[in-house]
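Just so we're clear, the structure is a prediction, and the values are computed from it rather than from any experiment.
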Amino acid sequence: MKNIKFIISALLLLAAGAVSFACSRVVFLGDDGTVLAGRTLDWRTPIPTNIYVYPAGVAKQSMPSGPRLQWVSKYGSVLAVGYDGGVTEGMNEKGLEMAGLFCKTAKYDTASENSNDNVVSLSMFVSYFLDNFATVDEVEEWLNANHFTISGKTFDGGTVSLLHWALTDSTGTTLLMEYVDGKLNLYKGRDLQVLTNDPAYPQMKAINSYWEGVGGVNMLPGGVKSADRFVRADFFIHHVPTNVDYYTALGSLSSIMGTVSVPYGYEIEGEPNVSSTQWRSIADITGGKYYFRFADSLGEFWIDLGRLSLKPGSPILKLDTSKHIDLVGCANGHLKKTPGFTPMW
């Protein structure tokens, strides 16, 4: 009876429109060990997003002053940086991939006045984990042993940055990080292949369980709200062949990301938070390639980390995507030396 009530309450949340800004993430696990993580970034207006490649050996900090984390990066990484001020997602040279997705119900653990707790800016949150860890087990161990608080600026006309995060490593194991009422909840496993937005993950799983009973072959929710996208992605990622070659795997995941994308220019009157897909990415976690495509681009481009120097002392590189329409194929040759992005503390 408790489970039934839980499912009903979760469905009521869905019916009430309890969704936030649309983003979807899906992980493909191939029988040959291939691990791919796809992601959509959906927003009401285009988000300027440039691609950066940081080598190992770069000194960084989580805030400009006060109690904060300070570190020198152990690993190089490729990063998608929004507004040239904050990391949206990225992947390091060890195959750890991390993405932040909007979650309107998130309530962070924030620093109180005169607190000595280390503060981490959301603009540097993803970088900290990609710089310092190779696996989700290492991340989980660190999170269980260390306490920190979060700080985040508003952006795009005052929007509050409310997020939850997913990390996947080369074993195909995923770790979800979700704040509820100031408490960080962790979920880990190879079965955590889909993440969208709110409600919180346990409630989302309850909604998905209902649709599993309906049977996706018979009917799937076709809307663009968070739970609809979660259900479609979960059904398809578990019903495409996994004993396939690399390019078939890429095609399968790319197709699934298309089914959870919101058509470019589409909007729902009175629901501005359900927004168009601005770009899609696929991180080849086991192969070190990062694929990226803007909705209004003529094609897809990618960064090949295996063909770049990520050793300490190597330059920071930037791909300026402001003229991305014709950007197609391996984009390593378009990377230019840069001092790095300036965090929006």
Within the side chain of Ser170, is there an N or O that forms a donor-acceptor pair under 3.5 Å with the backbone of Thr286? no
Any side-chain heavy atom of Leu143 within less than 4.5 Å of one from Met177? yes
Would you call Lys60 and Val58 a side-chain contact if the rule is heavy atoms closer than 4.5 Å? yes
Going hydrophobic residue to hydrophobic residue with side-chain gaps under 4.5 angstrom, can you get from Trp165 over to Leu175? yes
For a quick test of reading the model, state the closest non-hydrogen atom pair linking Phe292 to Thr49 and the distance between them. CZ-CG2, 4.0 Å
Would Asp109 and His147 count as a side-chain hydrogen bond (donor to acceptor under 3.5 Å, both in side chains) if you check the C-alpha gap in whole Å, the side-chain angles of each, and the deciding distance to 0.1 Å? CA-CA 10 Å; Asp109 182 4; His147 180 258; 2.6 Å; yes
Asp169 and Lys94 ion-paired at < 4.0 Å: no
Value rounded to 0.5 Å, distance of CG in Leu96 from CZ in Phe133: 9.5 Å
Within the side chain of Arg39, is there an N or O that forms a donor-acceptor pair under 3.5 Å with the backbone of Leu101? no
Can you find a heavy atom in the side chain of Arg280 that is under 4.5 Å from one in the side chain of Ser261? yes
When every non-hydrogen atom of Ala106 is compared with those of Leu162, the smallest separation belongs to O-CD2, 3.5 Å
Using a 3.5 Å distance criterion without hydrogens, assess whether the side chain of Thr34 forms a donor-acceptor pair with backbone atoms of Gly30. no
Can you spot which of Met91, Glu89, Glu93 makes a side-chain contact (heavy atoms from CB on, under 4.5 Å) with Val78? Met91
Are Asp131 and Lys74 close enough for a salt bridge, meaning some N to O gap below 4.0 Å? no
N/O donor-acceptor pair under 3.5 Å between Asn197 side chain and Phe102 backbone: yes
Residue pair Gly95 / Ile285: nearest heavy atoms and the distance that separates them: O-CG2, 2.8 Å
Check the pair Val27, Leu29 against side-chain contact (heavy atoms from CB on, under 4.5 Å), reporting the backbone distance first and the verdict last. CA-CA 6 Å; Val27 177; Leu29 303 176; 3.8 Å; yes
Lys107/Glu178 salt bridge by N-O under 4.0 Å criterion: no
Just by modelled atom types, is the Thr171 backbone N or O under 3.5 Å from a matching donor or acceptor in the Arg190 side chain? yes
Hey, can you pull the donor-acceptor pairs under 3.5 Å for the side chains in residues 322-329, sequence neighbours left out?
residue, atom, partner, partner atom, Å
Ser322, OG, Asp320, OD1, 2.9
His324, ND1, Thr321, O, 2.8
His324, NE2, Asp296, OD1, 2.8

Cluster question for you: counting only ILVMFWY and a side-chain heavy-atom cut-off of under 4.5 Å, with indirect links fine, are Tyr75 and Val136 together? no
Nearest heavy-atom neighbours spanning Pro46 and Tyr264: CG-OH, 4.4 Å
In terms of side-chain heavy atoms, does Tyr83 have a donor or acceptor partner in Asn50 at a distance below 3.5 Å? no
Under the side-chain contact (heavy atoms from CB on, under 4.5 Å) rule, what do Ser151 and Met63 come out as? Steps first, then yes or no, please. CA-CA 9 Å; Ser151 172; Met63 287 291 286; 4.1 Å; yes
Looking at Ser255 and Gly251, would you say the former's side chain and the latter's main chain have a donor-acceptor pair under 3.5 Å? yes
For Leu79, which of Leu130, Val53, Thr88 qualifies under side-chain contact (heavy atoms from CB on, under 4.5 Å)? Leu130
Pairwise distance CD(Glu141) to OG1(Thr135) - rounded to 0.5 angstrom: 9.0 Å
Describe, in one word, how the ring planes of Tyr54 and Phe341 are oriented to each other, choosing from parallel (under 30°), tilted (30 to 60°) and perpendicular (over 60°). perpendicular
Is it the case that the side chains of Asp42 and Thr277 hold a donor-acceptor pair, with the cut-off being a distance below 3.5 Å and no angle test? yes
Side-chain donor or acceptor of Arg25 paired with backbone N/O of Thr196 under 3.5 Å: no
For the side chain of Arg229 and the backbone of Val224, is there at least one donor-acceptor N/O pair under 3.5 Å apart? yes
Answer yes if Val120 and Val72 sit in the same cluster of Ile, Leu, Val, Met, Phe, Trp and Tyr residues linked by side chain heavy atoms under 4.5 Å apart, and no otherwise. no
Any idea which heavy atoms bring Cys330 and Asp304 closest together, and the distance? SG-CB, 4.4 Å
Could you walk me through whether Ile51 and Phe301 pass side-chain contact (heavy atoms from CB on, under 4.5 Å), step by step? CA-CA 11 Å; Ile51 309 300; Phe301 65 88; 4.2 Å; yes
Distance in Å, Met98 CE paired with Ser77 OG, rounded so as to fall on 0.5 Å steps: 12.0 Å
Does the side chain of Val240 come within less than 4.5 Å of Ile256's, by heavy atoms? yes
Parallel, tilted or perpendicular: rings of Trp71 and Tyr128 (30°, 60°): perpendicular
Are Val26 and Tyr246 connected in a single hydrophobic cluster, I mean Ile/Leu/Val/Met/Phe/Trp/Tyr linked by side-chain heavy atoms less than 4.5 Å apart? yes
Can you give each donor-acceptor pair under 3.5 Å made by side-chain atoms of residues 179-186, sequence neighbours left out, with the distance rounded to 0.1 Å?
residue, atom, partner, partner atom, Å
Lys183, NZ, Asn185, OD1, 2.9

With a 4.5 Å cut-off on side-chain heavy atoms, are Tyr291 and Leu250 touching? yes
Look at the rings of His239 and Phe235 and say which category their plane angle falls in: under 30° parallel, 30 to 60° tilted, over 60° perpendicular. parallel
Leu305 CG to Lys289 NZ distance, which is reported to the nearest 0.5 Å: 9.5 Å
Atom pair CG (Leu192) and CG (Asp234), whose distance is rounded to the nearest 0.5 Å: 10.5 Å
Taking the side chain from Tyr108 and the backbone from Leu163, do they hold a donor-acceptor pair closer than 3.5 Å? yes
Between Asn118 and Ser62, is the side-chain contact (heavy atoms from CB on, under 4.5 Å) condition met? List the steps. CA-CA 9 Å; Asn118 288 323; Ser62 63; 5.7 Å; no
Closest non-hydrogen contact found for Ser314 with Pro55 is O-CG, 3.1 Å
Are the aromatic rings of Trp211 and Phe230 close, with centres under 6.0 Å apart? no
For Asp31 and Thr242, test the side chains for any donor-to-acceptor distance below 3.5 angstrom and give the result as yes or no. yes
Validation row: Thr174, Leu167 side chains within 4.5 angstrom (heavy atoms): no
Kindly determine whether Tyr290 and Trp302 satisfy ring pair (Phe, Tyr, Trp, His ring centres under 6.0 Å), including the steps that lead there. CA-CA 5 Å; Tyr290 180 67; Trp302 63 87; over 10 Å; no
Indicate yes or no for a side-chain donor-acceptor contact from Ser121 to the backbone of Ser123 under 3.5 Å, with no hydrogens or angles considered. yes
Flag yes if Trp142 and Met124 sit in one hydrophobic cluster, no otherwise; membership is Ile, Leu, Val, Met, Phe, Trp, Tyr, and two members link when side-chain heavy atoms are under 4.5 Å apart. yes
Return the CG to OH distance between Leu176 and Tyr201, rounded to the nearest 0.5 Å. 6.0 Å
Start with the C-alpha distance between Asp198 and Thr105, add both sets of side-chain angles, then the distance that settles side-chain hydrogen bond (donor to acceptor under 3.5 Å, both in side chains), and finish with yes or no. CA-CA 6 Å; Asp198 51 289; Thr105 59; 5.4 Å; no
